[in-house]
Amino acid sequence: MSSFFSAKNWNRVFLYLLFIFSTFSIAGIDASISILYLLTMISWIEFRQFSQLENPFLWAILFYMAAAVLSGLLNAYETEHLLALRTNWRLLLPLLIAGIMVDIDEENLLWIFFGFVALISIYGIIQYFTGADWFRPADQSFATPYLSGANGENTVFHAKGNFTHHLTYGGFLLLCFPLLASLIFCSDWNPFTRLIAGAITILILLAIGASLGRSIWLGTAVAGTILLFRLSPKIMLALTILVLAGGTYLYTQFSEPSFEIRTPTNRVEVIQQRFISGFMLKANQDRILMWETGIAAIKDHFWLGIGYNNDAKVMPKYRDLIKERTGHRFNNNAATGVHNIYLQTWINYGLLGFLAYLSILFIFLAQSISTLFQTTRFSYENSILWGSIAGVCGFMVAGFFENNFRDGEVQAMLLILMGLNLRQIQKMKERIF
């Protein structure tokens, strides 16, 4: 009976819950992480085992968290500097996951997770056509129509799953996609299992398309390209030819003066127009001018930033300068940020915070890539490493156009992916020594 209530069993329960809740509930995510933190702390106190203290990834995370707090302490604005930890408190999760998964059946955990990912992908596809928001009261629905066509039947919606924003939903799936796509080629799995992985991957891709998030599409394309490079340089050559052909098609669309005012007549044309608009400066003027305000703010707050959650207080004056010069009216308020995680991090936490954020990502990638050479091609460990590397790279590219790192759901999925990866790194070290 005592073993039933052991820390290992509780870790197992709440790790499973974390993976399941990550697909639809931020409250469930945070509750699961909090309990895993508590259990890990108790274990550390009881057994005095601090196995990750020498890992530079840990110190990069602590450096980032410290930089966020120090920015609030030292900059010129009044701020609740300790609240900066509110968006960063989950960051130690990968190290916890790597340790807990020693006693977990990884593949069983992943397949339960993939089942829930398949369900929210199907839900998102349904939302694209119907705007369904089944898990909220009608008066609290987050259904967001994108554009109406020639008649009511052609109305489409941003897919959001059970999240509140389509970029949150898309960012979550962006990180899931390369993990599953990589496992399609896992030589340790039988053909039927890989076929199921392929089917769920297709569902995820359709749901990513249904999100109508252009930054998500770009990040997914980058992740897919990295996975194709894993398979064959010849496939990469074929992809290059397709990109050139696609570029030619886009230029023909740009040459039509009516493109910007053309109303899509069906759902395929909605996606087509949404995609092409990503290459047009006029269609992205709002975001470009937000970046301009961010650069201006960085010049004035280069070292320390403006502190956590001070955007609504500090950034309006930079927007006012843009309004006076261009007459542009922004689509959202200054508190939403500048839709670029790199600029946003520098604005809030200064140069040290920016460098600390990059160090987390680059140390993770360096450790993953170096371990990749120790694995057997297309083995389970190799597949997880490739999927994680592709996912993080796609996430980094998408980050040029959004602040998804600060969305709790997306951040949790990123940390889960990193935790899976760290576990594979641990396994390879154990085999060596």
Side-chain angles (χ1 to χ4, degrees), residues 60-88 91 167 171 214-215 218-219 278-363 365 392-393 395-407 410-411:
I61 292 171
L62 295 177
F63 176 36
Y64 176 75
M65 296 172 73
V69 174
L70 285 174
S71 170
L73 278 171
L74 301 177
N75 71 43
Y77 302 98
E78 290 185 8
T79 179
E80 295 292 339
H81 49 273
L82 290 179
L83 288 180
L85 295 176
R86 188 169 62 183
T87 57
N88 302 319
L91 295 185
L167 290 180
R214 293 172 300 180
S215 59
L218 178 60
F279 297 86
M280 303 180 70
L281 289 177
K282 187 173 181 180
N284 295 280
Q285 185 183 25
D286 192 70
R287 188 159 297 183
I288 292 170
L289 292 177
M290 280 195 288
W291 295 347
E292 190 173 329
T293 65
I295 293 170
I298 287 171
K299 289 178 179 178
D300 290 345
H301 307 85
F302 186 85
W303 298 106
L304 296 175
I306 64 174
Y308 169 76
N309 206 29
N310 271 342
D311 298 69
K313 182 190 302 183
V314 179
M315 296 305 292
K317 69 178 182 181
Y318 296 101
R319 290 196 170 201
D320 290 341
L321 293 173
I322 296 291
K323 291 176 184 177
E324 291 174 8
R325 179 166 59 83
T326 66
H328 179 76
R329 293 294 178 266
F330 290 94
N331 296 331
N332 46 46
N333 59 47
T336 61
V338 297
H339 281 241
N340 179 307
I341 189 58
Y342 306 102
L343 293 178
Q344 192 66 55
T345 301
W346 200 331
I347 290 168
N348 290 126
Y349 305 140
L351 177 62
L352 285 181
F354 171 71
L355 294 176
Y357 175 72
L358 291 182
S359 70
I360 293 173
L361 298 173
F362 287 133
I363 288 173
L365 289 174
V392 170
C393 288
F395 174 82
M396 290 173 68
V397 171
F400 282 99
F401 307 94
E402 60 194 36
N403 300 329
N404 261 354
F405 180 73
R406 299 187 183 186
D407 287 343
V410 179
Q411 188 184 90

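Atoms considered below: every heavy atom in the structure, side chains included; atoms not considered: hydrogens, waters and symmetry mates. Values in this document were obtained by computation on a predicted structure and should not be read as measured data.
- Side-chain contact between T345 and R406 is present, with heavy atoms from C-beta onward closer than 4.5 Å.
- By the 4.5 Å heavy-atom criterion applied to side chains, I347 and M315 are counted as neighbours.
- T326 is listed as a side-chain neighbour of L289, based on a closest heavy-atom distance under 4.5 Å.
- With rounding to the nearest 0.5 Å, the separation of CG in L304 from CG in L73 is 10.5 Å.
- Once rounded to the nearest 0.5 Å, the distance linking CG of L62 with CD1 of I360 reads 9.0 Å.
- M396 places none of its side-chain heavy atoms less than 4.5 Å from the side chain of I341.
- Here the side chain of W303 pairs no donor or acceptor atom with the backbone of L351 at under 3.5 angstrom.
- What you find for G171 and N404 is that their closest heavy atoms are CA-ND2, 3.5 Å.
- From H339, atom NE2 reaches atom CE of M290 across 4.5 Å, with rounding to the nearest 0.5 Å.
- When W291, F401, F400 are each tested for a ring-ring contact (aromatic ring centres under 6.0 Å, His included) with Y342, only one passes: F400.
- In terms of the ring-ring contact (aromatic ring centres under 6.0 Å, His included) criterion, Y318 has no residue partners (sequence neighbours excluded).
- Side chains of V410 and F395 form a contact here, defined as non-hydrogen atoms less than 4.5 Å apart.
- The two residues V338 and L343 have their closest heavy-atom pair at CG2-CB, 3.9 Å.
- The side chain to side chain donor-acceptor pair (under 3.5 Å) check on T87 picks up nothing, with sequence neighbours excluded.
- Contact record, L91 with M65: CD1-CG, 4.3 Å, taken as the closest heavy-atom pair.
- Residues satisfying the side chain to side chain donor-acceptor pair (under 3.5 Å) criterion with T336, sequence neighbours excluded, are N332.
- Applying the salt bridge (Lys or Arg N to Asp or Glu O under 4.0 Å) definition to pairs two or more places apart or across chains, none involves residues 342-352.
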Query - Y349 and Y357: CA distance, side-chain angles, deciding distance, ring-ring contact (aromatic ring centres under 6.0 Å, His included) verdict - result: CA-CA 10 Å; Y349 305 140; Y357 175 72; 9.6 Å; no
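- In plain terms, the two heavy atoms of I363 and A60 that are nearest each other are CD1-CB, 3.7 Å.
- Among residues two or more places apart in sequence or in another chain, the side chain to side chain donor-acceptor pair (under 3.5 Å) test is passed with R329 by none.
- Heavy-atom minimum distance, K323 versus H328: CG-O, 3.3 Å.
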Query raised in the report: Checking side-chain contact (heavy atoms from CB on, under 4.5 Å) for the pair N348/S71: CA distance, chi angles, key distance, verdict?
Result: CA-CA 8 Å; N348 290 126; S71 170; over 6 Å; no
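- Listed by first then second residue, pairs satisfying salt bridge (Lys or Arg N to Asp or Glu O under 4.0 Å) with a partner in residues 298-312 number zero, not counting sequence neighbours.
- For the atom pair CZ (F330) and CZ (R319), the distance works out to 5.0 Å, reported to the nearest 0.5 Å.
- Within the model, atoms CG of D320 and CZ of R325 stand 13.0 Å from one another, a figure rounded to the nearest 0.5 Å.
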